[in-house]
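See structure below.
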2 protein chains.
Amino acid sequence: MNRFLSHATNRIDAKGRVSVPSMFRAVLARSAVEELYAWQDFVFPAVSMAGPEVLERFERMIGSQDPFSTEANKMSLLIHGGGVFMKLDGEGRLLVTDFIRDFAGITDRVTFAGRGDHFQLWEPAAFEEMQSRARKERTAIS
Amino acid sequence: MNRFLSHATNRIDAKGRVSVPSMFRAVLARSAVEELYAWQDFVFPAVSMAGPEVLERFERMIGSQDPFSTEANKMSLLIHGGGVFMKLDGEGRLLVTDFIRDFAGITDRVTFAGRGDHFQLWEPAAFEEMQSRARKERTAIS
DNA sequence: GTGGTTCCCATTGACGCCCATGGTGGCCCA
DNA sequence: TGGGCCACCATGGGCGTCAATGGGAACCAC
């Protein structure tokens, strides 16, 4: 099953690095993803990551709109201005830059959350809270 | 009849493993399920398990919504972020990870409860209590 | 140079794969 | 119908491998 599933919390070391859970790295490896597209999520206070094909998907959405529309411009502002490419080091860790820290409110620990075709970096407490809130507000599931 | 029925309580060993009742394993074998989809239940403090087709059913529900909506994102947070694939070892045991422990409040024993098309892992006392409460609060049955 | 990266290497604990044991129930056979 | 044998289930533990983490040293840019 080639999806990003589950969640796990890892520590950020003194150099600002954090290990991406091996489960997620395995998914990336299966898709032969070398460079990760990371963007500041549109809904949650979290940074999302996936292979470059997600960026291309976003760009196709913009391409199908009137290039002078406010909508298309706003979307570009988010997916381009709010996005960046990142690489993992030899041990499968990534640098937690201010781009990530500031947007997600992360300090010393990161919760990785699978989202199917991508995964997200959360501040641990924020993730807990949002997930339990979603569970309470559950509507039609099961 | 290919349903998960009855309940049983097994001990977690020193390495954090617990045997899945053979009755449940037999149901899984009949459906040729190799990998189990486990999710943190939406209603009870228990972890549910079933074959991958359940995840696909959940994903179809999400697929029918606007992918940028808060609703769809929250649902994904539960079924993807709150779900994981697990495998049994050669003896039909599964590792009781923190993913399971923390959510269900399990420490040293697990109650397996059949739920028809899936089964659940409960903290024994919590299961007892919830079941007896359900018995009392039963309204429209019979 | 100085600070920030990147590339290695080391450590420790967790996990996966095997094999072993005890206890119970079922089944066969006399 | 009683006894005994056998199969299976729950459980325990050894050991090799890998993941997560820590830290040194080379490297690059300003």
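Chain identifiers are assigned alphabetically (A, B, ...) following the order of the sequence lines, protein sequences preceding nucleic acid strands; residue numbering begins at 1 within each chain. No hydrogens, no waters, no symmetry mates; every other heavy atom, side chains included, goes into these values.
- Around the CZ atom of B:Arg109, the shell of radius 6.0 Å holds no more than 12 heavy atoms that belong to other residues, nucleotides or ligands.
- At most 12 non-hydrogen atoms from other residues, nucleotides or ligands lie less than 6.0 angstrom from CD of B:Glu34.
- Where B:Arg93 and A:Lys87 meet DNA chain C, the nucleotide closest to each residue was compared, and A:Lys87 sits on the side nearer the 5' end.
- Put simply, CZ on B:Phe112 is 15 Å from P on D:dC9, counting in whole angstrom units.
- Residues B:Phe58 and B:Ile79 share a closest heavy-atom pair of CB-CD1, 3.5 Å.
- At the heavy-atom level, A:Ser22 lies under 4.0 Å from the strands shown only through sugar-phosphate atoms.
- Here A:His7 and A:Phe119 keep their ring centres 6.0 angstrom or further from each other.
- Under 3.5 Å, the side chains of B:Ser76 and A:Arg115 contain a donor-acceptor pair of N or O atoms.
- In this structure, the CG atom of B:Asp98 is 16 Å from the P atom of C:dG13, given to the nearest Å.
- For the pair A:Leu88 CG and D:dA19 P, the computed distance is 13 Å after rounding to whole Å.
- Taking atom CG on A:Asp13 and atom P on D:dA20, their separation rounds to 13 Å, with Å as the unit.
- For the pair B:Phe99 CZ and C:dA14 C1', the computed distance is 18 Å after rounding to whole Å.
- Checked by distance alone, B:Arg17 brings a side-chain donor or acceptor within 3.5 Å of a matching partner on the base of D:dG13.
- Nucleotides of DNA chain D nearest to A:Pro21 and B:Ala14 differ in position, and the one nearer the 5' end is that of B:Ala14.
- With D:dA20, D:dA25, D:dT11 as the candidates, the nucleotide lying closest to the side chain of A:Lys15 is D:dA25.
- At a cut-off of 3.5 angstrom, counting only N and O atoms as typed in the model, there is a donor on one side and an acceptor on the other between the side-chain of B:Glu91 and the base of C:dC19.
- Note: CZ (B:Arg11) to P (D:dG13) measures 12 Å, nearest angstrom.
- Toward the 5' end of DNA chain C, the nearer of the two residues B:Thr97 and B:Asp89, judged by each one's closest nucleotide, is B:Thr97.
- OP1 or OP2 of D:dA10 has not a single side-chain nitrogen or oxygen of B:Arg109 nearer than 4.0 Å.
- Atom C1' of nucleotide D:dA19 and atom CG of A:Asn10 are separated by 10 Å, given to the nearest angstrom.
- Nucleotide D:dA19 holds its P atom 15 Å from the CZ atom of A:Phe24, rounded to whole Å.
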